[in-house]
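Input: one structure, supplied below.
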Amino acid sequence: MKHLEFSRHRRLRQTANMRALVRENYLRTEDLIYPLFVVEGENVKKEVSSMPGVYQLSLDNLKEEMTEVDSLGIKSVLLFGVPDEKDEVGCQAYHDHGVLQEAIRVIKKDFPDMVVIADTCLCEYTSHGHCGVIEDGKVLNDPSLELLGKTAVSQAKAGADIIAPSNMMDGFVTAIRFALDEAGFQDVPIMSYAVKYSSAFYGPFREAAESTPQFGDRKSYQMDPANRIEAMREAESDVMEGADFLIVKPGMPYLDIVRDVKNNFNLPVVIYNVSGEYSMVKAAAQNGWVDEKSIVMEMLTGMKRAGSDLIITYHAKDAARWLKEQ
């Protein structure tokens with residue numbers, strides 16, 4: 001054995017301090033974006049049955065939630081609005097006093113330094129649950145762009161720091177950029193859902209956002225999970241149209257896509273650790289099958305290693321607490 005030649009990689013793993021010294025990727029609280037679901041009504045704090053620890057909140061309960069988020073050092077939130085009234089074209093999405101717009105005002109009033117990201121889509125607001133205008137059972141692309149532009153402007157007027165369009169219509173970035181610029185919001189950035197797959201991992205979210213399609217599915221506008229090169233075409237289009245951030249969604253099953261996006265484009269890359277991923281971990285942890293803290297921190301660190309700069313995750317509050325313990 002004394003004549004064997006090999007590398008001794010374990011030399012750099014001997015102690016916790018040695019491992020920290022050579023660690024390549026770090027997860028920070030500032031990297032985390034916490035999603036919130038805001039509903040109409042009063043004194044509503046309704047736990048989402050498929051997402052333990054995640055709640056639908058009315059505006060009067062929003063301040064308490066934001067106080068906790070802020071105290072944990074989380075710097076940004078992503079808002080989803082769930083209106084009482086829905087119609088064919090999602091009018092409440094672009095109403096100046098819609099539930100999302102009012103939520104933005106509430107947060108910016110009490111937490112002016114919090115980065116408020118507004119989800120810009122129609123599916124939570126339409127009676128059919130699709131992300132655009134419907135005609136003869138089809139989602140129309142170009143008529144939907146006008147409504148998305150109106151929605152983005154109403155959100156910016158309410159005080160949103162970032163617009164995050166998630167609809168996957170062709171041309172949505174350029175349409176929203178044009179609408180924002182025309183309305184005087186040239187400095188409001190767009191965090192584009194550039195690569196959004198048609199995924200089974202969204203199931204619990206649809207309960208939280210009350211956005212399940214009433215017919216068909218979203219495969220005609222969200223991406224086929226089998227495709228990789230197409231993701232680069234999607235991201236490239238959004239970069240050319242003026243996106244300021246690029247989101248890849250979902251997270252864990254698409255880490256290869258995150259790395260591809262990071263390697264090919266010089267914009268901040270955001271990964272969405274989606275509801276199905278969250279719910280699987282929560283269910284396993286509640287059954288005692290996994291160590292929740294260890295699993296979550298490993299997952300989020302893996303997302304950073306894959307190339308994400310920011311992580312949208314329902315684990316954000318727990319992760320922030322665990323990071324404080326380190």
Side-chain angles (χ1 to χ4, degrees), residues 27-40 44-45 48 51 53-82 93 96-121 124 151-166 176 180 185-193 205 208-209 243-247 249 268-273 275 278 300 303-304 308-324:
L27 177 69
R28 309 174 307 148
T29 302
E30 291 84 355
D31 301 329
L32 306 175
I33 300 170
Y34 187 53
L36 290 167
F37 299 95
V38 185
V39 299
E40 296 186 272
V44 179
K45 186 176 182 180
V48 180
M51 300 177 70
V54 173
Y55 296 85
Q56 292 181 331
L57 298 165
S58 53
L59 293 174
D60 54 330
N61 280 325
L62 194 53
K63 184 175 181 179
E64 180 181 359
E65 179 76 3
M66 287 304 306
T67 299
E68 181 184 16
V69 169
D70 186 56
S71 71
L72 290 168
I74 297 170
K75 306 297 184 184
S76 51
V77 292
L78 172 61
L79 297 185
F80 295 92
V82 184
D96 282 343
H97 295 283
V99 64
L100 186 85
Q101 288 78 0
E102 291 302 315
I104 295 168
R105 293 184 180 100
V106 167
I107 294 175
K108 295 305 289 186
K109 176 179 180 291
D110 294 315
F111 304 91
D113 295 329
M114 183 67 62
V115 177
V116 177
I117 306 166
D119 175 72
T120 307
C121 197
E124 300 103 308
T151 301
V153 170
S154 72
Q155 294 168 343
K157 285 180 179 178
D161 297 291
I162 299 173
I163 299 300
S166 58
I176 289 172
L180 290 171
F185 295 107
Q186 295 90 343
D187 294 330
V188 174
I190 297 174
M191 181 181 284
S192 170
Y193 286 70
F205 171 90
D244 300 283
F245 303 79
L246 300 174
I247 298 176
K249 180 183 182 182
V269 177
V270 187
I271 192 170
Y272 200 142
N273 177 212
S275 59
Y278 172 87
L300 299 181
M303 292 173 184
K304 289 285 291 185
S308 63
D309 299 291
L310 301 169
I311 303 172
I312 303 168
T313 178
Y314 304 96
H315 295 292
K317 291 196 297 184
D318 287 334
R321 292 188 188 97
W322 294 328
L323 286 168
K324 283 189 173 185

Worksheet item: Would you say the side-chain atoms of S58 pair up with the backbone N or O of V44, donor to acceptor, closer than 3.5 Å?
Response: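 Yes: the side chain of S58 pairs with the backbone of V44.
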Discussion item. Quick check for you: to the nearest 0.5 Å, what is the distance between I247 atom CD1 and I312 atom CD1?
Written reply: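 Between I247 CD1 and I312 CD1, I get 4.0 Å after rounding to 0.5 Å.
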Worksheet item: Take atom CD in E68; do more than 12 heavy atoms of anything else shown fall under 6.0 Å from it?
Response: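 Atom CD in E68 is packed in, count exceeds 12.
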Discussion item. Among V270, L78, L79, which residue satisfies the side-chain contact (heavy atoms from CB on, under 4.5 Å) criterion with I117?
Written reply: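 The passing option is L78.
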Worksheet entry | Value rounded to 0.5 Å, distance of CG in L36 from CG in L62 |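 Going from CG on L36 over to CG on L62, the span is 6.5 Å.
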Item to complete: Locate the shortest heavy-atom distance separating T29 from A320; write the atom from each residue and the value.
Response: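 For T29 versus A320, the nearest heavy atoms are CG2-CB, 3.9 Å.
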Worksheet item: Do the rings of Y272 and F80 sit parallel, tilted or perpendicular, given the 30° and 60° boundaries?
Response: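 Geometry flag for F80 against Y272: tilted rings.
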Item to complete: Supply the atom-to-atom distance L323 CG to R28 CZ, rounded to the nearest 0.5 angstrom.
Response: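 Those atoms lie 10.5 Å apart.
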Item to complete: Name all pairs fulfilling the side chain to side chain donor-acceptor pair (under 3.5 Å) condition that reach into residues 108-119, sequence neighbours left out, sorted by first residue then second.
Response: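 Every pair satisfying side chain to side chain donor-acceptor pair (under 3.5 Å) with a residue in residues 108-119: K108-D161, D119-S166.
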Worksheet item: Taking all atoms of both residues into account, what is the closest heavy-atom pair of A158 and R105, and its distance?
Response: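 What the structure gives for the nearest pair is O-CG, 3.5 Å.
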Worksheet entry | Rounded distance (nearest 0.5 Å) linking atom CE of M66 with atom CG of N61 |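 The CG atom of N61 is 13.5 Å from CE of M66, to the nearest 0.5 Å.
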Discussion item. Which heavy atom of L300 sits nearest to which heavy atom of I311, and what is that distance?
Written reply: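 Closest pair (atom of L300, atom of I311, distance): O-CD1, 3.5 Å.
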Worksheet item: For the side chain of T313 and the backbone of N273, is there at least one donor-acceptor N/O pair under 3.5 Å apart?
Response: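 No; zero donor-acceptor contacts below 3.5 Å.
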Worksheet entry | Heavy-atom side-chain contact between L100 and V38 under 4.5 Å |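 The answer is no; the side chains never approach within 4.5 Å.
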Item to complete: Taking all non-hydrogen atoms of both residues into account, name the closest pair between S154 and T151 and its distance.
Response: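 Shortest heavy-atom separation between S154 and T151 comes out as OG-O, 2.8 Å.
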Practice prompt. Answer yes or no for K45 and Y55: cation-pi contact, defined as NZ/CZ to six-membered ring centre under 6.0 Å and angle to ring axis within 45°.
Written response: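 Yes, a cation-pi geometry.
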Discussion item. Using every non-hydrogen atom in the two residues, find where P165 and I176 come nearest and quote the distance to one decimal.
Written reply: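 In terms of heavy atoms, the two residues are closest at CB-CD1, 3.5 Å.
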Discussion item. Tell me if a side-chain donor or acceptor on D318 pairs with a main-chain N or O of H315 at a distance below 3.5 Å.
Written reply: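 Judged by distance alone, no pair lies under 3.5 Å.
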Worksheet item: Quick one: does Q101's side chain have a donor or acceptor within less than 3.5 Å of a partner on A93's backbone?
Response: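 Yes, because the side chain of Q101 sits within donor-acceptor range (under 3.5 Å) of the backbone of A93.
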Worksheet item: What's the spacing between I74 CD1 and I33 CD1 if we round to 0.5 Å?
Response: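 If we round to the nearest 0.5 Å, I74:CD1 and I33:CD1 are 10.5 Å apart.
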Worksheet item: What distance do D70 atom CG and M114 atom CE have between them, rounded to the nearest 0.5 Å?
Response: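 The CG atom of D70 sits 4.5 Å away from the CE atom of M114.
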Worksheet item: What closest approach, in Å, do I163 and A156 show between heavy atoms, and which atom pair accounts for it?
Response: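 Of all heavy-atom pairs spanning I163 and A156, the closest is CD1-N, 4.2 Å.
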Worksheet item: Are any of the side-chain heavy atoms of L32 and Y34 separated by less than 4.5 Å?
Response: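 The answer is no, as the side chains (C-beta and beyond) never meet within the 4.5 Å cut-off.
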Discussion item. Quick check: do E65 and V77 have side-chain heavy atoms less than 4.5 Å from each other?
Written reply: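 When only atoms from C-beta onward are counted, V77 and E65 do not touch, as no gap falls below 4.5 Å.
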Item to complete: Would you check, one step at a time, whether the test side chain to side chain contact (heavy atoms under 4.5 Å, CB included) holds for V115 with I162?
Response: CA-CA 8 Å; V115 177; I162 299 173; 3.8 Å; yes
